[in-house]
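Nothing fancy with the numbering, it's 1 onward along the sequence. These values consider heavy atoms only, across backbone and side chains, with no hydrogens, waters or symmetry-generated copies.
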Amino acid sequence: PALLRALRTAVLQGKGSDVSQILQSPLNFLDQSLLKGSKPYLTGEAVSMADIVLWGALHPILSDSSFTLGEHNSVKTWFDRVAAVHSCQSAVQKVLQGKGLQAMKSYMQRQPAPQNSQCRDAQPCNNNPAESEERQHFVSEEECEAAALAWNKGLSSCPAPDRQHPILPQEGKRNVLVTSALPYVNNVPHLGNIIGCVLSADVFSRYGRLRGWNMLFVCGTDEYGTATENKAREEGLTPQQICDKYHAVHSSIYSWFQIDFDFFGRTTTEKQTEIAQNIFWRLHKHGYLVEDTVEQLRCENCQRFLADRFVEGTCPHCSYPEARGDQCDKCGRLINAVELRDPQCKVCRQTPVIRSSKHLFLDLPKLESQLEQWLEKSTSTGDWTTNAKQITHSWIRDGLKPRCITRDLHWGTPVPHPDFKEKVFYVWFDAPIGYLSITANYTSEWERWWKNPLQVELYNFMAKDNVPFHSVVFPCSLLGAQDNYTLVNHLVATEYLNYEDTKFSKSRGTGVFGDMAKDTGIPSDVWRFYLLYVRPEGQDSAFSWADMAMKNNSELLNNLGNFINRAGMFVTKFFEGCVPVMELQREDKELLAVVGWELQQYIQLMDKVKIRDALKHILNISRHGNQYIQVNQPWKKIKGEESERLRAGTVTGVAVNIACLLSVMLLPYMPLVSQIIRDQLNAPQSCVYTMLQGSGTFVCSLSAGHRIGTVSPLFQKLEAEQIEALKKRFGGQQVLDVHDGDKVRALKAQKAEKDVIAAEVSKLLELKTQLALAEGKNLEPTSKKGKKK
């Protein structure tokens, strides 16, 4: 990246004087490396491919008369030595043709301008920070010696923490309560839902356990509301039967993705009713509920009031044509359904009418000052994502309004007030209380988690559209209840994950949904890795089949898997399966220091829930390891003299210990692969809990004489044909348009040719078939009735 910038600066911008500054750091590193190596070329006594490639890249700059190498004497000597090679001289003449830097102009004009490390706000971003420009971390002599000292301490003898249920807060421990936004029971989660909530929360929970924190991770299905009633009507089941059916579907999906909940519950329980009604009466007692008459949309065709999410129309704020009755996905503003322009019932597509109904409201303006005081403390001391802060601030800035907490439905938690006994609680009052009731179904001592703000830290994981309900509405409910509730300390919200260049859509068959992933033949750990690699932490990102294949083949197979497999195979092949004796030299200590620094960066980022950014440091370590093996070539040294065989042993021993460290760092991301690596290395269990303590310590966990297990490849290549087939399979079908039927009727009315009508009818039937298949409906053949003679 630095060389490309230097070329662009010199060739296209004519700023040759700036080139020295751009290349200063890389040339310093190269000069030091050549000086320490005490060899004429990069890898030894003879010119190598590495010399040719690097020399060729640097030649246009270093050979220009306007550029001087200054004090980089080792680089100058090496550069002149390679330049003397006859084939290099011929190549220069052929490529540059005596024009020097100007010969590069045409080439540079065709190259894209260098991008900043941050992606453009308007575009989905899939670049991992590992692919962004990053300065090389140089280690000092003191760091090298400190790393060697830590390495020699070995594993701690402390027993592994015992995960016994029920998990309860403990004195003197960091007690962390993790929740993931409750998924709607009747929606099969797609990849975006999975990465935005349960997978991110799972990674952080697994990491916290490795750190020795006292973690409780709860989630469950959100089961009340109109969506469930409609699904029940569609499938000819009761709402409870629908909840039972799809709760099992969710459980199966999350189990396949290895989501390690401490408890996965549901909201259709007696505990939910008990706790929600208790909070309601406390709000009522303290004067935080008000009555008002509400104008609601009612569908006369469906004969019922419409829940907000079953109304669609044009947003009154930004004119987005597909805004829901409670929120606009484009501008993010919350809206009342009656404010929509051109509203439609999403069930039957008829235009609803406005009717009046009496409801109860949470008096948010009355709670606003309490909320602001709490938010000031929580956002300044906790780890709130930037989008969570911005969305919450916009709500407060616009001024809070009373929020309706009741609905004219049947399927929901009943309102206990006698004047509202025919109503149920609105899902966004009721659903977050599910966190409490699910914990209460897990343990009768649930209040030790949820009414213990001084001892418990609460992390909420969600997508950005759920932020206002977790940062404003739910906290106001708990603040108004005045019952010492634990409020969120860290609100972690992702942006959106798109599918290729569009959105996920079950009805259109577009995108991969949770119940489909396991049918692709791609292991769940690979799915986890890629979703976390493109996790939309700072901006929207997109799932891409081509990118997934590339990341699997380059990062997992060629980088991570290649290094771990080589390290283990060297132990098996050259040292009869036992870790050899290691005598550390300066180069080895330097590597230990660099790996230790990467480990510390990983811990700092994971502590701040920068899950995607932390992943780059795992991949960086395996890159360091691959380079270390490639430079030292133990497969050659093992055939040499005693000193070279000893060197081969040291390199192999250090490498296999790095592989062990990687297995620990990988555990939150790829739990099965992590276990397989540790099984192959026969690694002691204590390695899992030793190296992530404190700020992070890389220790020798596989000492000399340790016998490893059977080593085998960890990953498989994703072939282009396989990926193309999957892309086609999940690419969606042509959508059935409401006007297609009108077109057929119009042709018949016009008495068009039979062939024309038949073609349109055939097209319409095919589209209906595609739609039915995309929705997962069984198609039964229809019997053809013969005409009577």
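Judged purely by distance below 3.5 Å, without hydrogens or angles, the side chains of Trp449 and Thr486 never pair a donor atom with an acceptor atom. For the 3.5 Å distance criterion, the side chains of Ser674 and Ser663 fail to qualify, holding no donor opposite an acceptor. Side-chain atoms of Asn553 and Asn558 include no donor-acceptor pair closer than 3.5 Å. For Gln600 and Ser695, the side-chain atoms include no donor-acceptor pair closer than 3.5 Å. No donor-acceptor contact under 3.5 angstrom links the side chains of Asn626 and Arg623, judged on distance only.
Ring to ring, Trp635 and Phe574 are not that close: their centroids are 6.0 angstrom or more apart. Residues Tyr628 and His624 keep their aromatic ring centres 6.0 Å or farther apart. Ring centroids of Phe543 and Tyr530 are separated by less than 6.0 Å, placing the two rings close together. Between Phe529 and Tyr669, the distance from one ring center to the other does not fall under 6.0 angstrom. Aromatic rings from His165 and Tyr442 are positioned such that their centres are separated by under 6.0 Å.
Judged purely by atom type and a 3.5 angstrom limit, Ser200 uses its side chain to pair as donor or acceptor with the backbone of Ile195. Here the side chain of His706 pairs a donor or acceptor atom with the backbone of Leu681 at under 3.5 angstrom. Of the possible polar contacts, one joining the Ser524 side chain to the Trp256 backbone as a donor-acceptor pair under 3.5 Å is found. A donor-acceptor contact shorter than 3.5 Å is absent between the side chain of Asn489 and the backbone of Gly382. For Asn552 (side chain) and Met548 (main-chain N/O), no donor-acceptor pair under 3.5 Å exists by modelled atom type. With hydrogens and angles ignored, the 3.5 Å screen pairs a side-chain donor or acceptor of Thr650 with a backbone N or O of Leu646. Counting only distance, with no hydrogens or angles, the side chain of Asn657 and the backbone of Leu702 share a donor-acceptor pair below 3.5 Å. Remark: the backbone N or O of Gln693 is not paired with any side-chain donor or acceptor of Thr697 at under 3.5 angstrom. Side-chain atoms of Glu45 never come within 3.5 Å of backbone atoms of Pro40 as a donor-acceptor pair (strictly under, hydrogens ignored). In terms of modelled atom types and a separation under 3.5 Å, the side chain of Arg174 and the main chain of Gly212 share no donor-acceptor contact.
In this structure, CZ in Arg535 is found 4.0 Å from CD1 in Ile611, a value given to the nearest 0.5 Å. With rounding to the nearest 0.5 Å, the separation of CG in Leu556 from CG in Leu714 is 9.5 Å. A distance of 10.5 Å separates CG of Asn387 from CD of Glu537, quoted to the nearest 0.5 Å. We find the CG-CG distance between Leu177 and Leu458 to be 5.0 Å, quoted to the nearest 0.5 Å. The line from OG1 of Thr443 to CD1 of Ile167 is 10.5 Å long, rounded to the nearest 0.5 Å. The CG atom of Leu592 sits 11.5 Å away from atom CG of Leu149, with the distance rounded to the nearest 0.5 Å.
Applying the 6.0 Å contact sphere to CD of Gln716 captures no more than 12 heavy atoms from other residues, nucleotides or ligands. Within a 6.0 Å radius of CD in Gln627, no more than 12 heavy atoms belonging to other residues, nucleotides or ligands are found.
Taking the side chain as every heavy atom from C-beta outward, Cys700 and Trp151 approach each other to under 4.5 Å. Using a 4.5 Å heavy-atom cutoff, the side chains of Leu531 and Leu497 are in contact. The closest side-chain heavy-atom distance from Val456 to Trp450 is not below 4.5 Å. No side-chain heavy atom of Met550 sits under 4.5 Å from any side-chain heavy atom of Ser544. Counting only heavy atoms from C-beta outward, the side chains of Leu672 and Pro523 never approach each other to under 4.5 Å. In this structure the side chain of Ile638 reaches within 4.5 angstrom of the side chain of Phe575, judged on heavy atoms. Side-chain contact between Met49 and Thr43: absent, with no pair of heavy atoms (C-beta onward) separated by less than 4.5 Å. Between Arg647 and Val651, some side-chain heavy-atom pair lies under the 4.5 Å cut-off.
Between Val664 and Pro668, the shortest heavy-atom contact is O-CD, 3.8 Å. Nearest approach of Pro580 to Ala704, heavy atoms of both residues: O-CB, 3.7 Å. Among all heavy-atom pairs drawn from Phe217 and Val198, the shortest one is CZ-O, 4.0 Å. Residue Cys687 comes nearest to Cys660 through the heavy atom pair SG-SG, 3.9 Å, listed as atom of the first residue, atom of the second, then distance. Taking both residues in full, the closest heavy atoms of Ser541 and Val534 are given as OG-O, 2.5 Å, listed atom of the first, atom of the second, then distance.
With sequence neighbours left out, Gln455 forms a side-chain contact (heavy atoms from CB on, under 4.5 Å) with Pro169, Glu171, Asn175, Asn452. When the side chain to side chain donor-acceptor pair (under 3.5 Å) test is applied to Ser205, no partner is found at least two apart in sequence or on another chain.
Taking 4.0 Å as the cut-off between side-chain N and carboxylate O, Lys589 and Glu141 do not count as a salt-bridged pair. Ion pairing of Asp607 with Arg211 is present here, as a side-chain N (NZ or NE/NH1/NH2) and a carboxylate O approach within less than 4.0 Å. Here Glu641 does not pair with Arg645 in a salt bridge; the nearest charged N to carboxylate O distance is not below 4.0 Å. Ion pair Asp383/Lys610 not flagged as a salt bridge, since none of the NZ, NE, NH1 or NH2 atoms sits closer than 4.0 Å to an Asp/Glu carboxylate oxygen. Between Glu576 and Arg707 no salt bridge is recorded (no basic side-chain N to carboxylate O distance below 4.0 Å).
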The test is side chain to side chain contact (heavy atoms under 4.5 Å, CB included); show your working for Thr179 and Phe461 and say whether it passes.
CA-CA 6 Å; Thr179 69; Phe461 285 81; over 6 Å; no
Do Ser378 and Trp384 pass the side chain to side chain contact (heavy atoms under 4.5 Å, CB included) test, and can you show the C-alpha distance, the side-chain angles, and the key distance before you say yes or no?
CA-CA 8 Å; Ser378 184; Trp384 286 53; 3.0 Å; yes
Run the side chain to side chain contact (heavy atoms under 4.5 Å, CB included) test on Arg448 and Glu445 for me, step by step, so that the C-alpha distance in whole Å, both residues' side-chain angles and the decisive distance to 0.1 Å come before the verdict.
CA-CA 6 Å; Arg448 289 178 60 183; Glu445 298 183 77; 2.9 Å; yes
Quick one, Asp262 with Arg163, criterion salt bridge (charged side-chain N to carboxylate O under 4.0 Å, His left out). Give me CA distance, side-chain angles, the key distance, then yes/no.
CA-CA 10 Å; Asp262 288 302; Arg163 189 176 169 194; 2.7 Å; yes
Please lay out, stage by stage, how Ser252 and Lys518 fare under the test side chain to side chain contact (heavy atoms under 4.5 Å, CB included).
CA-CA 11 Å; Ser252 175; Lys518 61 183 176 183; 3.8 Å; yes
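The aromatic rings of His490 and Tyr459 lie parallel to each other, with less than 30° between the two planes, well short of the 60° mark.
With Val654 as the partner, the side-chain contact (heavy atoms from CB on, under 4.5 Å) test is satisfied by one option alone out of Leu591, Asn632, Val579: Leu591. For the side-chain contact (heavy atoms from CB on, under 4.5 Å) test with Phe698, the passing option among Val594, Ile621, Leu661 is Leu661; the others fail.
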